[in-house]
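First the structure, in the form of structure tokens, and then the observations on it.
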There are 2 protein chains.
Amino acid sequence: MDMSERKLQILQAIILNYLETAEPVGSRTISRRFLMDLSSATIRNEMSDLEEMGLIEQPHTSAGRIPSSKGYRLYVDQLMKRDTVDDQQVGILMNLLKDKTVQLDSLLREIGDLLATLTKYTTVVTMPQLKRSKLKHLQLMPLDEHSAILVLVTDGNIVRNHVIPLQHPMDSTSLYKISDVLNQELSGLSVAQMDLPLIQKIKRELNVDSEVMESLLDAISDTLQHADDGDVFTSGTTNILSFPEFSDIARARSLMEFLSQKDQMLHLISTEEKTSGPGLKIRIGTENQIEQLHDCSIVTANYRYGDRTIGTISVVGPMRMDYQKVVSALEGLMQDFPDLFFTGGGHNAITQEDTNGRET
Amino acid sequence: MDMSERKLQILQAIILNYLETAEPVGSRTISRRFLMDLSSATIRNEMSDLEEMGLIEQPHTSAGRIPSSKGYRLYVDQLMKRDTVDDQQVGILMNLLKDKTVQLDSLLREIGDLLATLTKYTTVVTMPQLKRSKLKHLQLMPLDEHSAILVLVTDGNIVRNHVIPLQHPMDSTSLYKISDVLNQELSGLSVAQMDLPLIQKIKRELNVDSEVMESLLDAISDTLQHADDGDVFTSGTTNILSFPEFSDIARARSLMEFLSQKDQMLHLISTEEKTSGPGLKIRIGTENQIEQLHDCSIVTANYRYGDRTIGTISVVGPMRMDYQKVVSALEGLMQDFPDLFFTGGGHNAITQEDTNGRET
DNA sequence: TGTTAGCACTCCTCTCGTTCGAGTGCTAAC
DNA sequence: GTTAGCACTCGAACGAGAGGAGTGCTAACA
């Protein structure tokens, strides 16, 4: 079956109306609100075709139609207007953040909050993983007799700190001295590179013989190896409760619990990250592998440091979500923070990994 | 009307049964399940009295009774068993945390998570405020040409960091030197004490004349003054969705949104903090000032550093909550971390501020 | 005097049938 | 190709009625 211009108009009308009302859309509604020069009967025929193509579906016989995952996919890829980026509030608010020298993690948090309030959906931000970050500066600080604090400044001015156990008390002067040496040896390297062999090498080079020093180095290396805090920041989860598709409390609960399980989210989104190019990535309904997300859509942007992707910012909402608004917001964000995003792709940058959706 | 032993038994039976079922309790149920030697008619008479005393209430004429705020208050103050503390799982799990030298804030987070999973309610932990904390150690670290990082270690090994703008680039050696001086001057003081006059004094003492130095000190003082991050950590919010009293999604939403507004929570709980003594504090239903919490109860423990209260750990649940379990869990916690809590009060430490509840 | 059986009454909840209306598919006419 | 008309479907809304849990009151009993 071929795809006429009119069919596309009708599909778009259904999507628009369903976005507003969250109720199945009937032929009459479209005839009155969108295509006044056509009768409902004509539209009925076209809708029948659209259903056969798998772009819309019928909850039950005597109901209107709702868009399917495939329908939304077509809308997002071909129909959606992509040029209204900057007359959003985004720009104004973003500018507030832009000027300050900030730490990447708090910037990301603020962006997450902002996107959640702006879109009224839920945002999920994966924080940069320590292991993949490069060390800028390192500093040992005295804490008490049994421990010191190791402060790490990495890419994007993120500050992390860990308690390091001490075999024997050490004063701040010696801690400073060690810090200096370690800085020379380690800064510029990624944390993942700071493995045992490297530490051994440092030990040899420094001709470390004192037991104290040796145990300290071991403790540091141990801490770095085990510090894998792929943190996830979520904002706007309560927005979920205002969508009619989640008026069933069990559904709402299952989704919210899923979103609050950091490890799961991390796993989910980090698999996405690998597959996607510079632009936005949209996953619609059943395109999501995970059961709980089958009636949700996720729009994801990767953020970078230098030329490496180091994390993602996602907006999660019902499949019915206002894709245009979400995409605009994210693209506005990407324009406003060119240092944080790849900006190669431009308009046609929306990518889709593989169409292994499970529509009928 | 006088309060017979039997009336208390009946009240307790109602509370117990309502905790389990979340449904109004009838006289017949009590006669069968709790007081088999009394007929339902007798119990009806007693229940009528209890209602007149305002301890229980009737949702509608032909329904059973549910406990009122006042009823729960009496239960908590007089009836509840208080001795089964340590056969809980608490102890075992807590021990995992106890050994390590940890930072207070992450310890509190873990405690919050633990209490939420243990009680199946929601926990709210207010983090120590920077202003009220004492400085242990301070360190400036180079970041880039325009900024340095100020790392503060305070009471409880909490590490905070702030970006400090620099007028001119400074190398790490000079930053170390300044750190040393500031450490001598400031460590041991509370952050609130580090106000402008003190900074001025330091400037004079150091005979600071260089513009660079002066602007740096100003920036530090400015940062400290404006850093008021009374953070709130919440865990187990989704548990709310499993209580029948919040099966109405609007109610659930209103509560969850309230709990996620950090500033509001902070305000709410910090007013509690002032009024309460060493032990646990329980606020039941309408005893809460805030509308959204009128059918919730909150059990709060203050935690301390040295002899100052610096924050609170609260469990929030429906008014029907299992007070005994929650109190046990919190008291177990307090026993396991004697450094973190005042342990003067002991058993009768539950306090109540003022009985301005609004029961009929 | 306290306890209990009995009974009328209330009122919520559940179920079932009915109606209503939105929407469809099909057919025939334009 | 478009449209009017019509029969049909099916969910949502409504109301009546049954059922049941629970109460309060009264009268009898120990």
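Just the heavy atoms: all of them, side chains too, but no hydrogens, waters or symmetry mates, feed the values below. Treat the numbers as computed from the prediction; the structure is a model and nothing was measured. Sequence lines set the chain letters: A, B, ... in the order given, protein chains first and strands last, and positions in each chain run from 1.
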Among Q324(A), Q12(A), Q9(A), which residue satisfies the side-chain contact (heavy atoms from CB on, under 4.5 Å) criterion with L79(A)?
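The passing option is Q12(A).
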Just checking, any donor-acceptor pair under 3.5 angstrom between side chains of [X] and [Y]?
X: S297(A); Y: Y72(A); value: no
X: S314(B); Y: T300(B); value: yes
X: N239(A); Y: T122(A); value: no
X: S69(A); Y: T286(A); value: yes
X: T237(B); Y: T234(B); value: no

Short N-O contact, [X] and [Y], less than 4.0 angstrom:
X: E23(B); Y: R320(B); answer: no
X: R65(A); Y: E57(A); answer: no
X: R251(B); Y: D295(B); answer: yes

What integer distance in Å separates [X]:[atom1] from [N]:[atom2]?
X: R6(B); N: dT3(C); atom1: CZ; atom2: C1'; result: 8 Å
X: E46(B); N: dT4(C); atom1: CD; atom2: P; result: 11 Å
X: L50(B); N: dG22(D); atom1: CG; atom2: C1'; result: 16 Å
X: Y18(B); N: dG22(D); atom1: OH; atom2: P; result: 14 Å
X: E23(A); N: dG11(D); atom1: CD; atom2: C1'; result: 12 Å
X: I43(A); N: dT3(D); atom1: CD1; atom2: P; result: 9 Å
X: K7(B); N: dT3(C); atom1: NZ; atom2: C1'; result: 14 Å

Evaluate side-chain contact (heavy atoms from CB on, under 4.5 Å) for N288(A) paired with I298(A), printing each intermediate quantity in order.
CA-CA 8 Å; N288(A) 290 299; I298(A) 307 181; 3.7 Å; yes
For nucleotides 13-19 of chain C, give me every protein contact, N/O to N/O, under 3.5 Å, one pair per line with atom names.
none

I30(B) side chain reached by N17(B) side chain, heavy atoms, under 4.5 Å:
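Answer no - side chains too far apart.
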Contacts under 3.5 Å, N or O only, protein and nucleotides 23-27 of chain D:
unit_1  : atom_1 : unit_2 : atom_2 : d
dT23(D) : OP1    : R65(B) : NH1    : 3.3
dT23(D) : OP2    : S27(B) : N      : 3.2
dT23(D) : OP2    : S27(B) : OG     : 2.6
dG24(D) : OP1    : R65(B) : NH2    : 3.0
dG24(D) : N7     : R44(B) : NE     : 3.1
dG24(D) : O6     : R44(B) : NH2    : 3.2

Which dot-bracket string describes DNA chain C (Watson-Crick N1-N3 plus N6-O4 or O6-N4, or G-U N1-O2 and O6-N3, all under 3.5 Å; [ ] crossing; | other strand)?
||||||||||||||||||||||||||||||
Indicate whether OP1 or OP2 belonging to dT2(D) is found under 4.0 Å from a side-chain N or O atom of T42(A).
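Negative; the distance criterion is not met.
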